[in-house]
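Before any comments, here is the structure.
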Amino acid sequence: MRLFVSEGAPGSLPVLAAAGRAQCRAELLISTVGPEECVVPFLTRPKVPVLQLDSGNYLFSTSAICRYFFLLSGWEQDDLTNQWLEWEATELQPALSAALYYLVVQGKKGEDVFSLVRRALTHIDHSLSRRSCPFLAGETESLADIVLWGALYPLLQDPAYLPEELGALHSWFQTLSSQEPCQRAAETVLKQQGVLALRPYLQKQPQPSSLEGRAVSNEPEEEELATLSEEEIAMAVAAWEKGLESLPPVQPQQNPVLPVAGERNVLITSALPYVNNVPHLGNIIGCVLSADVFARYSRLRQWNTLYLCGTDEYGTATETKAMEEGLTPQEICDKYHVIHADIYRWFNISFDIFGRTTTPQQTKITQDIFQRLVARGFVLQDTVEQLRCEHCARFLADRFVEGVCPFCGYEEARGDQCDKCGKLINAIELKKPQCKVCRSCPVVKSSQHLFLDLPKLGKPLEEWLEKTLPGSDWTPNARFIIRSWIRDGLKPRCITRDLKWGTPVPLVGFEDKVFYVWFDATIGYLSITANYTDQWEKWWKNPEQVSLYQFMAKDNVPFHGLVFPCSALGAEDNYTLVSHLIATEYLNYEDGKFSKSRGVGVFGDMAQDTGIPADIWRFYLLYIRPEGQDSAFSWTDMLLKNNSELLNNLGNFINRAGMFVSKFFGGFVPEMVLTSDDRRLLAHVTLELQHYHQLLEKVRIRDALRSILTISRHGNQYIQVNEPWKRIKGSEADRQRAGTVTGLAVNIAALLSIMLQPYMPTVSATIQAQLQLPPPACSILLTNFLCTLPAGHQIGTVSPLFQKLENDQIESLRQRFSGGQLEESLSLKAKASPKPAAVETMTTAGPQQIQVLMDEVTKQGNIVRELKAQKADKNQVAAEVAKLLDLKKQLALAEGKPLETPKGKKKK
């Protein structure tokens with residue numbers, strides 16, 4: 001036999017490793033050829049690796065060559081290995097080829113590469129974890145292990161692409177990589193150059209098709225039904241039979257909630273929303289809703305849980321909004337804090353505290369941390385060149401400057417950060433800067449400011465990260481972002497601003513300045529807790545006993561994962577730092593972004609006006625939660641998910657299970673005599689329940705929702721196969737079978753009601769009321785499936801849980817939130833009016849639409865005034881004036897005011 005391989009050809013890795021295992025069992029000559037050498041005479045393109053058999057035949061599939069070597073070793077084929085090989089070819093290779101092409105040929109790094117393979121790596125990790133075996137097909141190494149190891153090695157030999165939270169995958173990969181045949185294969189192919197050794201080979205290959213027109217998908221990948229052992233089935237049945245007696249006593253709710261020594265104490269924060277911005281669906285799923293699911297889950301686990309959030313109220317954004325509305329900054333904060341609280345209340349967010357940052361406690365705690373930093377030499381003074389808008393007569397806060405990103409060229413970069421490339425920016429670095437209030441060009445002026453000395457804090461930060469990250473549940477994007485900051489070198493960070501509305505700086509010479517909002521906003525978590533309880537330090541100065549989970553979108557990662565930890569470490573006051581930093585990607589709206597000014601997308605105060613219940617919004621947002629990559633809200637997809645997953649799957653199963661009890665058994669749960677199929681179903685449900693726990697403990701919220709829907713599908717299939725509505729009319733044995741199926745089904749429905757509680761609390765409570773689920777079972781979720789509705793239990797009245805969403809209803813909502821719909825509706829109503837052409841009337845628009853137009857009129861008026869002041873070209877001024885008049889016309893129509901034809905000079 002002769003094996004042809006090529007240096008830098010990824011497929012050579014597994015075949016050399018497999019050949020190494022089979023050595024001494026056959027004569028084998030290994031030849032190294034160039035990547036363009038045609039070894040197989042009947043192939044039109046070069047192909048390596050290739051195995052030429054003694055018979056003259058050729059094997060040129062990597063898995064086929066590896067299989068041949070394993071068969072020489074006496075290995076016997078099995079179905080599980082074949083399934084893994086099929087998955088490797090159809091699922092792993094397309095994603096992996098694209099990732100390697102991105103990394104090696106296009107030079108991309110980090111999340112751009114990792115996002116392509118995240119699902120595949122997670123799938124392997126879950127499979128290894130679930131089976132509790134060291135290898136993919138069992139207790140010993142198989143063909144599947146070598147093929148997958150060889151495929152993954154070029155990428156995973158870089159620790160950046162092997163996250164520590166994928167512990168089972170990590171262990172499996174390290175075990176195989178330490179074996180001598182695998183080590184020799186890696187040395188032969190990669191030549192100690194790492195993944196760069198693949199470049200000459202990959203540059204000659206066509207671009208992977210999966211890179212062409214990749215679309216963001218909201219669909220999770222399906223998993224096959226797991227194989228069960230007799231031991232797993234027996235354990236599931238034993239747990240089921242113990243029933244309610246195995247539930248521990250329900251822990252009484254404390255007030256205030258405080259850490260308890262010896263218990264699991266979970267502190268959960270959601271990123272503080274800016275008070276003057278109404279949150280859109282992306283803000284809600286990225287922070288408060290995701291954190292709410294985890295908080296509710298933590299309480300179901302009987303963990304000692306405190307969940308807090310609040311409005312971030314200081315800064316220029318508030319000052320500007322106050323000026324626009326003719327209110328004081330405090331009045332603006334009071335007004336919008338109520339709006340935020342109402343939105344989150346409607347979405348059923350279970351805060352223990354929803355506070356605010358404009359409090360004496362905020363000033364006290366922020367100034368204390370600052371003074372401790374000053375005393376320890378971690379604060380610097382320097383002169384800063386800032387952008388000042390002469391038209392507005394103020395220094396511009398970073399977020400009120402917009403321009404072209406100096407790094408990637410994005411044209412709408414903010415003065416503090418570019419949303420496209422994610423890099424932090426100093427506002428004066430922006431190209432073509434503009435004041436976002438009046439659109440004039442600001443000038444650069446100097447001012448004395450204070451800086452946090454991040455380089456000096458770099459060592460304690462890295463020591464803390466080295467201790468914290470292993471074994472933690474920081475999301476991969478959070479890890480990448482913090483590592484890139486450290487890799488690029490930490491720089492002093494300005495912590496003061498020339499404003500009036502903020503936390504005062506307690507230092508001589510800086511009395512006219514306030515703290516930069518991103519220095520003290522994260523301290524808001526501490527002050528909000530201090531306003532909840534005077535024992536706040538038991539949470540925030542207790543790192544030994546408290547696990548801190550912080551939820552946010554990825555643009556907030558630097559401040560929570562680096563700036564605040566550096567401040568707290570420098571203060572040297574034993575602060576509790578983030579244990580698990582959970583960052584989402586971005587949620588887009590249909591084919592674009594949410595935009596309040598353009599009327600695009602659904603904002604929190606609008607969702608309740610759609611007629612769609614809050615729990616449906618919660619379900620769909622969590623179903624499309626952007627965990628590993630950006631996702632998109634789609635009205636069509638929302639309709640499909642409601643009508644298929646909720647109405648036809650989950651709702652259909654729970655309603656049928658309850659109705660069978662009411663209709664066939666008088667409302668009492670019947671006796672259950674389990675068959676082997678029933679026991680197997682118990683084990684499958686238990687396995688899926690345990691998977692749900694594994695995912696939520698790792699804060700994989702979107703994936704855990706799949707487990708609920710999977711159990712429901714098991715239940716629907718179980719009912720369909722056993723047909724209790726037919727058996728109830730048959731023999732005594734048939735009626736008994738109908739009773740068993742109904743009893744088991746209604747217990748699965750009860751389990752689903754508890755699993756649903758973090759996701760759809762109102763629906764969960766409705767199911768529990770319909771089934772009259774015993775109160776202890778409603779408050780605790782164990783890792784085993786229990787019989788919580790024993791024979792003889794009486795249920796309540798059963799009714800449907802969900803309503804169908806209709807196409808015309810959804811199309812109407814799509815048009816309503818598509819942007820530009822206001823102008824179109826105004827125009828149509830004006831044309832349809834029987835009034836004379838000189839006067840147009842219409843029905844008053846909603847307050848949100850009117851506010852949008854008022855903001856646009858103000859902005860356009862500022863532009864016109866600035867152009868006139870600069871004595872700009874008359875044609876340019878006229879064009880902008882025309883825009884202003886058009887906006888004023890739209891505003892008048894929106895407010896229901898008559899609009900007379902403008903009077904002008906008569907033509908001669």
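Computed from a predicted model, the values in this text were never measured in an experiment. Heavy atoms only: backbone and side chains are in, while hydrogens, waters and symmetry mates are out. If you read the sequence from its start, that first residue is 1, and numbering goes on from there.
- T529 and W540 share a donor-acceptor pair across their side chains, judged by distance under 3.5 Å alone.
- Ring geometry, W635 versus W617: the interplanar angle exceeds 60°, so the pair is classed perpendicular (tilted spans 30 to 60°).
- A donor-acceptor pair under 3.5 Å is absent between the side-chain atoms of T311 and the main chain of R356, judged by distance alone.
- The residue from F603, Y623, Y589 that alone fulfils the ring-ring contact (aromatic ring centres under 6.0 Å, His included) condition with F633 is Y589.
- W485 places a side-chain heavy atom less than 4.5 Å from the side chain of L490.
- With H340 contributing its side chain and P279 its backbone, the two residues share no donor-acceptor pair below 3.5 Å.
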task: Go through T475 and F480 one step at a time and tell me if the side chain to side chain contact (heavy atoms under 4.5 Å, CB included) criterion holds.
output: CA-CA 9 Å; T475 49; F480 279 125; over 6 Å; no

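- For the pair K432 and E411, the salt-bridge criterion is not met [side-chain N within less than 4.0 Å of a carboxylate O].
- Ring centroid separation for the pair F564 and F559 does not come in under the 6.0 Å cut-off.
- One finds the OG1 atom of T318 at 10.5 Å from the OH atom of Y336 (value rounded to the nearest 0.5 Å).
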- request: Starting from the C-alpha separation in whole Å, work towards a yes-or-no answer on ring-ring contact (aromatic ring centres under 6.0 Å, His included) for F370 and F515.
  value: CA-CA 10 Å; F370 168 73; F515 285 114; 5.0 Å; yes

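- Within the 4.5 Å cutoff, the side chain of I612 has heavy atoms near those of the L813 side chain.
- The distance from atom CD1 of I810 to atom CG of L639, rounded to the nearest 0.5 Å, is 5.0 Å.
- Checking Y549, Y344, Y307, F354 one by one against S270, the side-chain contact (heavy atoms from CB on, under 4.5 Å) holds for a single residue, Y307.
- Side-chain contact between I369 and Y575 is present, with heavy atoms from C-beta onward closer than 4.5 Å.
- Looking only at atom types and distance, the side chain of S350 has a donor-acceptor partner in the side chain of R299 under 3.5 Å away.
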Derivation of the side chain to side chain contact (heavy atoms under 4.5 Å, CB included) call for S567 and L452: CA-CA 8 Å; S567 302; L452 183 63; 3.5 Å; yes

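- Atom CG of L289 is separated from atom CG of L621 by 6.0 Å, given to the nearest 0.5 angstrom.
- Looking at V443 and L387, their side chains never come closer than 4.5 Å, going by heavy atoms from C-beta outward.
- Salt-bridge check for R816 with E811: failed, with every basic side-chain N at 4.0 Å or more from each acidic carboxylate O.
- Relative to the six-membered ring of Y586, K554 meets both conditions, a distance below 6.0 Å and an angle of at most 45° to the axis.
- Counting all heavy atoms, side chain and backbone alike, D615 lies closest to V763 at OD2-N, 2.8 Å.
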task: Start with the C-alpha distance between D292 and R618, add both sets of side-chain angles, then the distance that settles salt bridge (charged side-chain N to carboxylate O under 4.0 Å, His left out), and finish with yes or no.
output: CA-CA 10 Å; D292 184 61; R618 286 176 64 110; 2.8 Å; yes

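- Donor-acceptor pairing under 3.5 Å is recorded for the side chains of Q362 and S527.
- Taking CG of L454 as the reference point, atom SG of C566 lies at 5.0 Å (rounded to 0.5 Å).
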task: Check step by step if side chain to side chain contact (heavy atoms under 4.5 Å, CB included) holds for Q386 and K445.
output: CA-CA 5 Å; Q386 289 179 264; K445 292 205 170 181; 5.9 Å; no

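- Screening I353, I268, V266, T533 for a side-chain contact (heavy atoms from CB on, under 4.5 Å) with L306, the sole residue that qualifies is I353.
- A donor-acceptor contact shorter than 3.5 Å is absent between the side chain of Q815 and the backbone of S812.
- Scanning both residues, F395 and S447, for their nearest heavy atoms gives CZ-CB, 4.4 Å.
- Checking T269 against Q550 by side-chain atom types alone, a donor-acceptor pair falls below 3.5 Å.
- Residue E585 comes nearest to N477 through the heavy atom pair OE2-ND2, 2.8 Å, listed as atom of the first residue, atom of the second, then distance.
- A donor-acceptor pair under 3.5 Å links the side-chain atoms of W501 to the main chain of E313, judged by distance alone.
- The minimum heavy-atom distance linking K491 with D488 is given by the pair NZ-O, 3.6 Å.
- Closest approach of Q367 and P506 over heavy atoms only: CG-CG, 3.7 Å.
- Under the 4.0 Å criterion applied to side-chain N and carboxylate O atoms, E402 and R439 are assigned as salt-bridge partners.
- For the atom pair CG of D520 and OG1 of T363, the computed distance is 8.5 Å after rounding to the nearest 0.5 Å.
- Under a 4.0 Å N-O distance rule, the pair D703/R625 does not qualify as a salt bridge.
- Defined by atom type and a distance below 3.5 Å, a donor-acceptor pair is missing between the side-chain atoms of Q417 and D555.
- Inspection of the N348 and T762 side chains reveals an N or O donor paired with an N or O acceptor under 3.5 Å.
- The aromatic rings of F294 and F551 sit tilted relative to each other, their planes meeting at an angle between 30° and 60°.
- Side-chain atoms of N283 come within 3.5 Å of backbone N or O of H280 as a donor-acceptor pair.
- No donor-acceptor distance shorter than 3.5 angstrom exists from the side chain of Q434 to the backbone of C441, with no hydrogens or angles considered.
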ring-ring contact (aromatic ring centres under 6.0 Å, His included) evaluation trace for Y525 with H560: CA-CA 11 Å; Y525 301 122; H560 291 76; 5.7 Å; yes

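- Using a cut-off of 4.0 Å between Lys/Arg side-chain N and Asp/Glu carboxylate O, E412 and K420 are scored as not salt-bridged.
- Within the 4.5 Å cutoff, the side chain of L272 has heavy atoms near those of the I528 side chain.
- No side-chain heavy atom of P273 sits under 4.5 Å from any side-chain heavy atom of C287.
- Between K500 and E319 there is no salt bridge, since no side-chain nitrogen of the basic residue lies less than 4.0 Å from a carboxylate oxygen of the acidic one.
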query: Yes or no on side chain to side chain contact (heavy atoms under 4.5 Å, CB included) for T357 and I523, after CA distance, side-chain angles and deciding distance?
result: CA-CA 9 Å; T357 57; I523 299 172; over 6 Å; no

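- Within the 3.5 Å criterion, the main-chain N or O of S579 finds a donor-acceptor partner in the side chain of W474.
- L526 CG to W536 CH2: the interatomic distance, rounded to the nearest 0.5 Å, is 5.0 Å.
- In terms of heavy atoms, D352 sits closest to T305 at OD2-O, 3.7 Å.
- The aromatic ring centroids of F510 and H449 lie 6.0 Å or more from each other.
- In this structure, K641 is not positioned above the aromatic face of Y620 in the sense of NZ or CZ being under 6.0 Å from the six-membered ring centre and within 45° of the axis.
- Summarising the local packing, CD of E390 is surrounded by more than 12 heavy atoms from other residues, nucleotides or ligands at distances under 6.0 Å.
- Considering only heavy atoms from C-beta on, V293 comes within 4.5 Å of L622 through its side chain.
- Within the 3.5 Å criterion, the main-chain N or O of I285 finds a donor-acceptor partner in the side chain of S290.
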